[in-house]
Chemist: 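Below is a structure I'd like to ask you about.
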There are 2 protein chains.
Amino acid sequence: MARPSTSRSPRHRTPRTSEAIATALLEAAAVEFAAHGYDGASTRRIAERAGAHQPQINYHFTSKEHLWRETVNRLFGLMAIDTPADDRGGPGDGDDLSVAFAATLRRFIHFSADHPELNRIINLEATTPSPRLDWLVATHLRPLYELVDGVWTALRASGRGADLTTAEVWELTTSYGALHFANEPMLAALGISTRPGRAGADEHADRLLAIVFP
Amino acid sequence: MARPSTSRSPRHRTPRTSEAIATALLEAAAVEFAAHGYDGASTRRIAERAGAHQPQINYHFTSKEHLWRETVNRLFGLMAIDTPADDRGGPGDGDDLSVAFAATLRRFIHFSADHPELNRIINLEATTPSPRLDWLVATHLRPLYELVDGVWTALRASGRGADLTTAEVWELTTSYGALHFANEPMLAALGISTRPGRAGADEHADRLLAIVFP
DNA sequence: GTCTATACCGAGATAGAC
DNA sequence: GTCTATCTCGGTATAGAC
């Protein structure tokens with residue numbers, strides 16, 4: 001009732017640095033984009049979730065499109081930290097490669113359990129040709145795929161792994177492996193969700209690895 | 001220049017029956033909902049794609065929400081035609097069951113290749129709890145899952161099939177099996193899309209069946 | 001850099017002539 | 001039943017005070 005002028009909608013008594021609010025916006029954007037898709041997500045809701053004002057999105061990221069890209073960049077950055085590139089390739093005999101590749105797959109599954117938003121966002125873009133999809137493939141997916149292809153091809157050449165192409169391993173990992181966590185609400189409603197936390201993620205990684213490395 | 005009054009934006013010189021336009025709207029809605037999600041799809045675009053006026057959606061389906069449900073109902077109806085329930089279960093020994101189950105999986109994959117919109121729409125709802133998701137599970141997914149569960153359990157009891165739970169078979173089929181076609185634009189951009197048409201669908205069914213029935 | 005106010009557009013839904 | 005006009009709301013983006 002009192003204080004008619006100084007009341008603001010978002011609550012950030014702590015004025016926060018420019019970087020802090022940018023990060024908060026990116027985190028909120030990941031959740032909203034993952035839940036509602038690019039078109040369905042609204043910058044109002046993203047700002048609200050971040051405890052910021054909607055115009056601050058345009059100030060920090062100039063446009064919704066740029067915000068989306070930076071959100072994806074940030075998530076891929078987090079993934080790179082969790083599943084470092086050293087483990088994806090490197091020299092060594094077939095057994096070394098197999099062990100390293102399996103370990104990386106497991107780490108990727110764990111990352112997907114911790115950050116289901118990334119696979120979610122990728123899958124949302126995957127079905128419709130768009131500039132966003134082109135950018136996503138060129139910037140992030142293709143380099144990653146070629147890395148995987150190199151390792152898997154070498155690995156298969158030395159007789160390890162299941163009789164699957166790189167494309168099959170890729171699809172199994174991203175669709176069956178990672179989407180499991182993004183689809184948790186539906187699986188829970190069906191009564192087939194995994195245990196939450198590390199244990200559940202590990203079990204799902206076991207299931208994937210049983211197919212890729214029988 | 002001439003005819004100032006009789007020009008209409010949507011082109012349907014043929015006035016079409018009520019049922020024809022309802023079907024056209026449902027087909028258009030499937031494409032738009034699949035491409036942009038529920039929130040992202042617009043009734044204006046759906047009507048435009050169907051060659052109708054936007055208010056006709058409210059006339060025929062009362063609301064966007066109802067239109068969405070009828071769109072899903074129609075797609076599940078088409079699926080039931082393509083993969084009839086007789087083939088999903090029925091009495092018989094283990095070999096009969098295996099053959100019938102494999103045939104049904106194959107038909108489902110073919111249906112998913114012909115109508116990627118259904119798996120797409122399901123996947124869009126799968127990640128966020130909502131009344132739509134609850135309705136989807138209760139109305140369509142749970143009955144289907146329990147059918148699959150009954151058959152797969154019987155089949156496994158007789159020693160057939162890979163050492164997988166029903167949940168694993170379900171996820172492999174819907175994620176790895178069906179999403180392959182929904183994600184075709186991304187896979188094509190990565191250079192790993194399958195051949196179009198029946199042949200490509202059959203090849204992908206082979207890949208899935210090689211995992212489920214080694 | 002932050003925040004209020006607002007411009008401008010497109011969304012879903014409704015009214016009423018036809 | 002169809003179609004035009006329109007209501008109201010929420011979307012992104014911008015202007016300008018502070």
Side-chain angles (χ1 to χ4, degrees), chain A residues 3-26 28-29 31-33 35-71 124 130-132, chain B residues 3-26 28-29 31-33 35-71 124 130-132:
Chain A
R3 312 190 331 153
S5 74
T6 47
S7 80
R8 291 89 170 257
S9 355
R11 65 291 175 197
H12 41 91
R13 320 290 189 226
T14 323
R16 293 194 292 189
T17 66
S18 194
E19 200 190 332
I21 176 163
T23 303
L25 285 170
L26 288 173
V31 175
E32 291 293 324
F33 282 133
H36 304 287
Y38 181 82
D39 293 321
S42 96
T43 55
R44 279 210 226 281
R45 285 178 55 89
I46 292 170
E48 188 183 5
R49 178 181 288 271
H53 292 270
Q54 183 260 339
Q56 292 183 286
I57 286 182
N58 289 288
Y59 177 78
H60 287 281
F61 300 97
T62 71
S63 75
K64 187 184 183 182
E65 183 95 19
H66 282 71
L67 172 65
W68 182 86
R69 291 197 187 189
E70 290 308 315
T71 301
L124 284 166
S130 74
R132 284 196 305 278
Chain B
R3 311 187 332 152
S5 75
T6 46
S7 79
R8 291 84 171 262
S9 358
R11 64 289 175 197
H12 42 91
R13 319 288 189 231
T14 323
R16 293 195 292 189
T17 64
S18 194
E19 202 191 331
I21 174 161
T23 304
L25 284 170
L26 288 174
V31 175
E32 291 293 324
F33 282 133
H36 304 286
Y38 180 82
D39 294 321
S42 95
T43 57
R44 285 211 223 283
R45 285 178 56 87
I46 292 170
E48 188 184 4
R49 179 181 288 271
H53 292 270
Q54 184 259 340
Q56 290 181 287
I57 286 182
N58 289 289
Y59 178 78
H60 287 280
F61 300 98
T62 70
S63 75
K64 186 184 185 183
E65 181 97 18
H66 283 71
L67 173 65
W68 182 87
R69 291 197 186 189
E70 290 308 314
T71 301
L124 284 165
S130 74
R132 284 196 306 277

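Remember, predicted model here, so these are calculated numbers, not experimental data. Sequence lines set the chain letters: A, B, ... in the order given, protein chains first and strands last, and positions in each chain run from 1. Computation of the quantities below employed the complete heavy-atom set of this structure, encompassing side-chain atoms and omitting hydrogens, waters and symmetry-equivalent molecules.
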Chemist: Could you go step by step and tell me if B/Leu67 and B/Thr62 meet the side chain to side chain contact (heavy atoms under 4.5 Å, CB included) rule?
Modeler: CA-CA 8 Å; B/Leu67 173 65; B/Thr62 70; over 6 Å; no

Chemist: What is the distance, to the nearest angstrom, from the CZ atom on A/Arg45 to the C1' atom on D/dC9?
Modeler: 15 Å

Chemist: Provide, to the nearest angstrom, the distance between the CG atom belonging to A/Asp39 and the C1' atom belonging to D/dG11.
Modeler: 11 Å

Chemist: When the distance from CD of B/Glu48 to P of D/dT4 is rounded to whole Å, what number comes out?
Modeler: 14 Å

Chemist: Does a side-chain N or O of A/His53 approach OP1 or OP2 of C/dT2 to a distance below 4.0 Å, or not?
Modeler: no

Chemist: Give one of base, sugar-phosphate or nothing for B/Ala22, where a contact means two heavy atoms less than 4.0 Å apart.
Modeler: nothing

Chemist: Check step by step if side chain to side chain contact (heavy atoms under 4.5 Å, CB included) holds for B/His60 and B/Glu70.
Modeler: CA-CA 11 Å; B/His60 287 280; B/Glu70 290 308 314; over 6 Å; no

Chemist: Which listed nucleotide (C/dA13, D/dT2, D/dA13) is nearest to the side chain of B/Ser63?
Modeler: C/dA13

Chemist: Write down the distance between NZ (B/Lys64) and P (C/dA11), rounded to a whole number of angstrom.
Modeler: 9 Å

Chemist: May I have the distance from A/Ile21 (atom CD1) to C/dG1 (atom C1'), rounded to whole angstrom?
Modeler: 9 Å

Chemist: Could you pick out which residue, A/Arg44 or A/Tyr59, lies toward the 5' side of DNA chain C when each is mapped onto its nearest nucleotide?
Modeler: A/Tyr59

Chemist: May I have the distance from A/Gln54 (atom CD) to C/dC8 (atom P), rounded to whole angstrom?
Modeler: 16 Å

Chemist: Classify the ring geometry of A/Trp68 against A/Tyr38: parallel below 30°, tilted from 30° to 60°, perpendicular beyond 60°.
Modeler: perpendicular

Chemist: C/dA11 C1' sits how many Å from B/Ile46 CD1, rounded?
Modeler: 12 Å

Chemist: Of the candidate nucleotides C/dA5, D/dT4, C/dT2, which contains the atom at the shortest distance from the side chain of A/Pro55?
Modeler: C/dA5

Chemist: Return the nearest nucleotide to the side chain of B/Gln56; candidates are C/dC3, D/dT2, D/dT14.
Modeler: D/dT2

Chemist: Can you measure from OG1 (A/Thr71) to NZ (A/Lys64) and round to the nearest 0.5 angstrom?
Modeler: 11.0 Å

Chemist: Atom CZ in B/Arg69, atom CZ in B/Arg132: separation rounded to 0.5 Å?
Modeler: 9.5 Å

Chemist: Between C/dT2, D/dG1, D/dT12, which one does the side chain of B/Ser18 approach most closely?
Modeler: D/dG1

Chemist: Between atom CG in B/Asn58 and atom C1' in D/dC3, what is the gap in whole Å?
Modeler: 14 Å

Chemist: The side chain of A/Ser42 is closest to which nucleotide in this list: C/dA13, D/dT2, D/dG11?
Modeler: D/dG11

